[in-house]
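Below is one structure, written out as structure tokens, with a few remarks after it.
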Amino acid sequence: MNRGVHLRRVVPLLGVAAVAVLPAFGTVPATAGAKPVPPAGQALGAFADQLTGRLGAQAAGAYVDRDGLLVVNVTTPAAARQVTAAGATPRVVAYGIARLDAAKSALDRFAGGRGAVGLAWGVDVVANAVVVSVPASDHDAATNALVKRARAVGGTVRIRRVHGAVRPMLGPGDAITTGGSRCSVAAIGTGGGGDYVVTAGHCTRIGTTWSTSGGEQIGTTQASSFPGNDYGTIRVTNGSLQLSNDNLTEVGRPPAGSQVIKKGSTTGTTSGQIVGYDRTVNYQEGTVTGLIETTVCTQPGDSGGSLQSGSTAVGITSGGRTGGCTANYQSYFQPLDEALQSQGLTLK
């Protein structure tokens with residue numbers, strides 16, 4: 001696709017339906033002794049990391065259920081007892097995280113091939129599987145061959161037919177424009193004596209000079225990483241601009257199941273939950289790895305927008321399904337921490 005064209009041609013979303021909501025994969029109800037929060041003073045994500053780290057190979061990921069309780073997947077009854085003692089909800093599953101990661105790595109060898117275009121996959125801790133999203137209308141020989149190879153990886157892989165193919169979008173939510181195309185702002189970073197607008201890499205690679213929706217000059221593209229990653233930065237050269245991250249005070253990665261919101265210049269503020277991390281998405285323009293999958297609505301022009309959880313800045317809008325935000329929506333975000341670290345930036 002020629003990414004230098006106007007908005008209506010440049011910004012279609014990723015185009016994938018969402019992985020089913022949590023109950024579809026058998027979330028275990030909380031036990032009477034389960035605690036909805038970690039020990040006092042400890043963030044839920046840190047609590048989950050500490051607990052799964054202690055369990056080692058017996059752990060298979062963690063997520064937050066609809067009641068706000070931390071559920072930890074384990075492969076043995078002994079590990080389940082440890083989880084209960086720690087105050088979380090155990091769920092005994094078939095596959096450990098090492099086996100799931102190995103299956104995901106096997107699928108990543110197919111990334112970039114013609115049959116992979118429009119597909120996305122990653123470890124879904126709620127499904128306890130590597131879920132491969134395949135457009136329902138895509139039955140060409142290359143795709144069918146890839147699906148066959150994916151199934152051959154083993155029982156850890158689950159194929160899900162979804163609406164639409166994955167494509168990147170152009171687009172905390174303010175519009176930014178270049179050459180007739182529009183994207184959105186994820187966060188304001190600072191470092192090296194300057195301020196930077198952080199947005200999607202597939203946005204910054206299409207233009208050099210950026211403006212606000214009102215026509216005020218912002219600055220020029222400083223860095224662009226896409227495909228592979230999907231982040232970019234714009235160095236702010238207009239000293240009269242008022243830059244703010246609103247209520248965002250830290251950068252992090254909340255556990256799967258956490259409630260999040262997205263702010264973008266097309267759909268405004270929309271909400272949903274994190275499905276999982278480390279997704280590999282095969283856009284027409286190339287493969288992007290390490291993305292966050294969510295159920296949050298995104299549409300063309302939201303690209304580069306902000307994924308947030310409370311005061312925590314989480315991600316940069318990369319893509320989502322075109323054609324409207326229906327039930328079980330699926331969208332993808334570049335982790336913000338990686339983008340900031342790569343450029344030596346912190347939140348302003």
Indicate if [X] and [Y] have the same hydrophobic cluster label, given that clusters are the connected sets of ILVMFWY residues with side-chain heavy-atom separations under 4.5 angstrom.
X    : Y    : answer
L345 : Y231 : yes
I159 : L100 : yes
V93  : Y277 : no
V123 : V134 : yes

- prompt: Taking it one step at a time, do D246 and K263 satisfy side chain to side chain contact (heavy atoms under 4.5 Å, CB included)?
  reply: CA-CA 12 Å; D246 297 325; K263 291 185 177 180; 4.3 Å; yes
Tell me the closest heavy-atom pair linking [X] and [Y], and the distance in Å.
X    : Y    : value
Q334 : A339 : NE2-N, 4.4 Å
R182 : P300 : NH2-O, 4.2 Å
G112 : N282 : N-OD1, 3.3 Å
A86  : L51  : CB-CD1, 3.8 Å
V92  : A80  : CG2-CB, 4.2 Å
A62  : A256 : O-CB, 3.9 Å

Could you tell me whether the side chain of [X] and the main chain of [Y] form a donor-acceptor pair under 3.5 Å?
X    : Y    : answer
T156 : A129 : no
N128 : A94  : yes
N245 : I188 : yes
T289 : T280 : no
D65  : G68  : yes
S258 : P255 : yes
S224 : G201 : yes
R158 : D124 : no
N144 : H139 : yes
K262 : F333 : no

Is any side-chain heavy atom of [X] less than 4.5 Å from a side-chain heavy atom of [Y]?
X    : Y    : result
V72  : L55  : yes
V260 : S309 : yes
Q308 : L248 : yes
V132 : V147 : no
L107 : V130 : yes
E338 : N229 : yes
T190 : L347 : no
V197 : I218 : yes

Pair [X]-[Y], side-chain donor/acceptor within less than 3.5 Å:
X    : Y    : result
D108 : S105 : no
N247 : S311 : no
E250 : T312 : yes
T76  : Q58  : yes

For the [atom1] atom of [X] and the [atom2] atom of [Y], what is their distance to the nearest 0.5 Å?
X    : Y    : atom1 : atom2 : answer
L336 : Q341 : CG    : CD    : 9.5 Å
Q273 : Y63  : CD    : OH    : 10.5 Å
L243 : Y196 : CG    : OH    : 12.5 Å
S331 : L291 : OG    : CG    : 10.5 Å
I261 : L307 : CD1   : CG    : 8.5 Å
Q217 : L241 : CD    : CG    : 8.5 Å

field: Audit row: L70, L44, side chain to side chain contact (heavy atoms under 4.5 Å, CB included) steps and yes/no
entry: CA-CA 8 Å; L70 180 66; L44 188 60; 4.1 Å; yes
Side chain to side chain donor-acceptor pair (under 3.5 Å), paired with W210, selected from T204, T199, T177, T221: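 The option that passes is T221.
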task: Flag this pair as yes if the NZ/CZ of R279 is under 6.0 angstrom from the six-membered ring centre of Y332 and inside a 45 degree cone about the axis; otherwise no.
output: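 Relative to the ring axis of Y332, which defines the angle, R279 lies outside at least one limit.
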- request: With side chain to side chain contact (heavy atoms under 4.5 Å, CB included) as the test, would you mind laying out the steps for E216 and S211 before giving the verdict?
  value: CA-CA 5 Å; E216 274 193 284; S211 302; over 6 Å; no
message: Go through it in stages, so that I can follow the logic: the residues are V198 and V185, the test is side chain to side chain contact (heavy atoms under 4.5 Å, CB included), and I'd like the CA-CA distance, side-chain angles, deciding distance and then a yes or no.
response: CA-CA 6 Å; V198 183; V185 177; over 6 Å; no
The single option from T294, T298, V296 passing side-chain contact (heavy atoms from CB on, under 4.5 Å) against Y329: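 With Y329 as partner, T294, T298, V296 yield a single side-chain contact (heavy atoms from CB on, under 4.5 Å), made by T298.
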field: Derivation and outcome, side chain to side chain donor-acceptor pair (under 3.5 Å), residues D302 and T317
entry: CA-CA 7 Å; D302 286 332; T317 305; over 6 Å; no
